Amino acid sequence: MTAFTLHNDAGVDSGTYDRISRLLARSAPLAERHSRLSLPDRASVRIVSTEQFVSLTADHGEYTMRQAADAFPAGSGSRDRALAEVQACRDGFERAAAQSWPMVTAAVVCRSTAGDPEMITMPEGHAESRATDRYLTGAFAHEWTHLAQNKVWPAMPYAHIRIALQADADGLPPEQRRTTHHVIEGHAQWVQRQTVQELCGVATAQLRLDGEPKPTKRFRRLKTQSPLISIYDQGDAFISALHDTGGHPLIERLLRNEDLLPTLGEITNPTTWLERYAPAMSGA
């Protein structure tokens, strides 16, 4: 089991701190069991305020853009474009975070000053969602899964930027562009569903079950408007198809090999991916 250090950056009361610590400890082994991936030996988790969440999210955007730029040789158009967009990327992440924070339970961020990725969680967001222990345990398992994915695929936080820049340089049409978000978020949501099923017998990533408190109107409005919902659900369905066919080993092979990443068309039609990458299932 991973050892984690919980930082109380937001200065929450002892009851809130103890609850989050307890649920983090409960969710970590569940994430490992259902993902069949190992977590880092040590992890850092920060309890943050709204303002800290926005700042850390902006740091993450800037860091990932710079990392993506560094993957291209000096003087290349893709590198120059990435470096030119660093500030715009940071500003965009900051604006999005300032709008979306009420529906954020937890997230994984990277910062150049922090080294390894960190998990952050925001009690102000928990209050908007009326998060129960059941839901928080599943949501933390989702984020633990991202840390486990990152251990397998260290370039994961910025791979989507690098892949998009390369696709632009190659002039690929939308249907031929590979996607990372559907894979990593779909896999984490799949693990979240298995975690909740173990906890209460219902395989779901939904916020609320019968008898649980309703989230705020603001939370429900933001959730309804979020473009991420389809990414999570389509990715979940894709990962489910892979698991049904090749189990955890096939999913891990996908995470270890960017050449196996599906295109947007294959996400909604997993059979085409399975047919194209049949050798991967046999370990070829």
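What's counted below: heavy atoms across the whole structure, side chains too, no hydrogens, waters or symmetry copies. This is a predicted model, so every value here is computed, not measured.
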Visitor: Supply the atom-to-atom distance Phe238 CZ to Asp236 CG, rounded to the nearest 0.5 angstrom.
Guide: 12.0 Å
Visitor: Indicate yes or no: at least one non-hydrogen side-chain atom of Leu147 is less than 4.5 angstrom from one of Val108.
Guide: yes
Visitor: Keeping Arg111 on the side-chain end and Leu56 on the backbone end, is there a donor-acceptor pair under 3.5 Å?
Guide: no
Visitor: Do Gln192 and Tyr135 come within less than 4.5 Å of each other through their side chains, counting heavy atoms only?
Guide: yes
Visitor: Give the minimum heavy-atom separation between Pro215 and Arg130, together with the two atoms involved.
Guide: CA-CG, 3.7 Å
Visitor: Does the side chain of Thr121 pick up a donor-acceptor pair with the side chain of His126 at under 3.5 Å?
Guide: yes
Visitor: If we only count heavy atoms from C-beta on, is the Leu37 to Leu255 side-chain gap below 4.5 Å?
Guide: yes
Visitor: Distance check, rounded to the nearest 0.5 Å: Thr180 atom OG1 versus Glu185 atom CD?
Guide: 9.0 Å
Visitor: Taking it one step at a time, do Arg46 and Val109 satisfy side chain to side chain contact (heavy atoms under 4.5 Å, CB included)?
Guide: CA-CA 10 Å; Arg46 296 186 178 278; Val109 296; over 6 Å; no
Visitor: Linking I/L/V/M/F/W/Y whenever their side-chain heavy atoms sit closer than 4.5 Å, directly or via other members, would Phe140 and Val48 fall into one cluster?
Guide: no
Visitor: Please say whether more than 12 non-hydrogen atoms of neighbouring residues, nucleotides or ligands are located less than 6.0 Å from CZ in Arg36.
Guide: no
Visitor: From Thr216 OG1 over to Lys214 NZ, what is the distance, rounded to the nearest 0.5 angstrom?
Guide: 12.5 Å
Visitor: Inspect the contact between Glu128 and Arg218 and indicate whether a charged nitrogen and a carboxylate oxygen are less than 4.0 angstrom apart.
Guide: yes
Visitor: Nearest heavy-atom pair of Gly15 and Asp13: which atoms, and what distance?
Guide: N-OD1, 3.0 Å
Visitor: Do Leu250 and Val183 sit in the same hydrophobic cluster, where Ile, Leu, Val, Met, Phe, Trp and Tyr count as joined when their side-chain heavy atoms come under 4.5 Å apart?
Guide: yes
Visitor: From Ile229 CD1 over to Met103 CE, what is the distance, rounded to the nearest 0.5 angstrom?
Guide: 6.5 Å
Visitor: May I ask you to decide if Leu222's main-chain N or O and Ser226's side chain share a donor-acceptor pair within less than 3.5 Å?
Guide: no
Visitor: Does a salt bridge link Arg81 with Asp168, judged by any charged N lying under 4.0 Å from a carboxylate O?
Guide: yes
Visitor: Over all heavy atoms of both residues, which pair between Glu62 and Val86 is shortest? Give the atoms and the distance, please.
Guide: CG-CG1, 3.5 Å
Visitor: Between Pro73 and Arg79, is there a side-chain heavy-atom distance shorter than 4.5 Å?
Guide: no
Visitor: Quick check: does any side chain N or O of Gln52 sit under 3.5 Å from a backbone N or O of Asp9, one acting as donor and the other as acceptor?
Guide: yes
Visitor: Answer whether the closest heavy-atom distance between the side chains of Asn150 and Pro40 falls below 4.5 Å.
Guide: no
Visitor: Inspect the contact between Arg22 and Asp133 and indicate whether a charged nitrogen and a carboxylate oxygen are less than 4.0 angstrom apart.
Guide: yes
Visitor: Without swapping roles, check the side chain of Trp273 against the backbone of Leu260 for a donor-acceptor pair under 3.5 Å.
Guide: yes
Visitor: Judged by modelled atom types alone, do Glu198 and His34 share a side-chain donor-acceptor pair under 3.5 Å?
Guide: yes
Visitor: Looking only at heavy atoms, what is the nearest atom pair of His60 and Phe93, with distance?
Guide: CD2-CE2, 3.8 Å
Visitor: Give a yes or no answer on whether the side chain of Arg177 reaches the backbone of Leu172 with a donor-acceptor pair at less than 3.5 Å.
Guide: yes
Visitor: Among His182, Gln149, His142, Glu252, which residue meets the side-chain hydrogen bond (donor to acceptor under 3.5 Å, both in side chains) test with His187?
Guide: Gln149
Visitor: Please report the interatomic distance CD(Gln67) to SG(Cys110), rounded to the nearest 0.5 Å.
Guide: 8.5 Å
Visitor: Backbone N or O of Tyr17 within a donor-acceptor pair of the Ser21 side chain at under 3.5 Å?
Guide: no
Visitor: Are Leu23 and Leu199 connected, step by step, through hydrophobic side chains (Ile, Leu, Val, Met, Phe, Trp, Tyr) whose heavy atoms are closer than 4.5 Å?
Guide: no
Visitor: If you round to the nearest 0.5 Å, how far is OG1 of Thr271 from CD of Glu266?
Guide: 10.5 Å
Visitor: According to a 4.5 Å side-chain heavy-atom criterion applied to Ile, Leu, Val, Met, Phe, Trp and Tyr, with indirect links allowed, do Ile161 and Trp153 form part of one hydrophobic cluster?
Guide: no
Visitor: Taking all heavy atoms of Pro262 and all of Ile267, pick out the closest pair and write down the distance.
Guide: CG-CD1, 3.6 Å
Visitor: Could you tell me how the ring of Trp190 sits relative to the ring of His243: parallel (under 30°), tilted (30 to 60°) or perpendicular (over 60°)?
Guide: tilted
Visitor: Run the numbers on Ile251 and Leu254 for side chain to side chain contact (heavy atoms under 4.5 Å, CB included), then give the verdict.
Guide: CA-CA 5 Å; Ile251 297 171; Leu254 171 57; 5.6 Å; no
Visitor: Is a side-chain donor or acceptor of Arg178 paired with a backbone partner of Glu258 at a separation under 3.5 angstrom?
Guide: yes
Visitor: Check for a donor-acceptor pair, side chain of Arg90 on one end and backbone N or O of Gly61 on the other, with a separation under 3.5 Å.
Guide: no
Visitor: For a side chain to side chain contact (heavy atoms under 4.5 Å, CB included) check, start with the C-alpha distance between Leu261 and Thr179, then their side-chain angles and the critical distance, and finish with the verdict.
Guide: CA-CA 7 Å; Leu261 283 171; Thr179 174; over 6 Å; no
Visitor: Between Met119 and Trp144, is a side chain to side chain contact (heavy atoms under 4.5 Å, CB included) present by the stated rule, with each step listed?
Guide: CA-CA 8 Å; Met119 189 193 307; Trp144 282 125; 3.6 Å; yes
Visitor: Is the backbone of Leu39 close enough, under 3.5 Å, to the side chain of Glu32 for a donor and an acceptor to pair up by distance?
Guide: yes
Visitor: Could you tell me whether a side-chain N or O of Ser55 sits under 3.5 Å from a main-chain N or O of Glu51, the two making a donor and an acceptor?
Guide: no
Visitor: Do the side chains of Thr195 and Ser27 get nearer than 4.5 Å, heavy atoms only?
Guide: no
Visitor: Establish whether Val45 and Ile120 are linked, either directly or via other cluster members, by ILVMFWY side-chain heavy-atom contacts under 4.5 Å.
Guide: no
Visitor: Do you know the tightest heavy-atom contact between Ala28 and Thr2?
Guide: CB-CG2, 4.1 Å
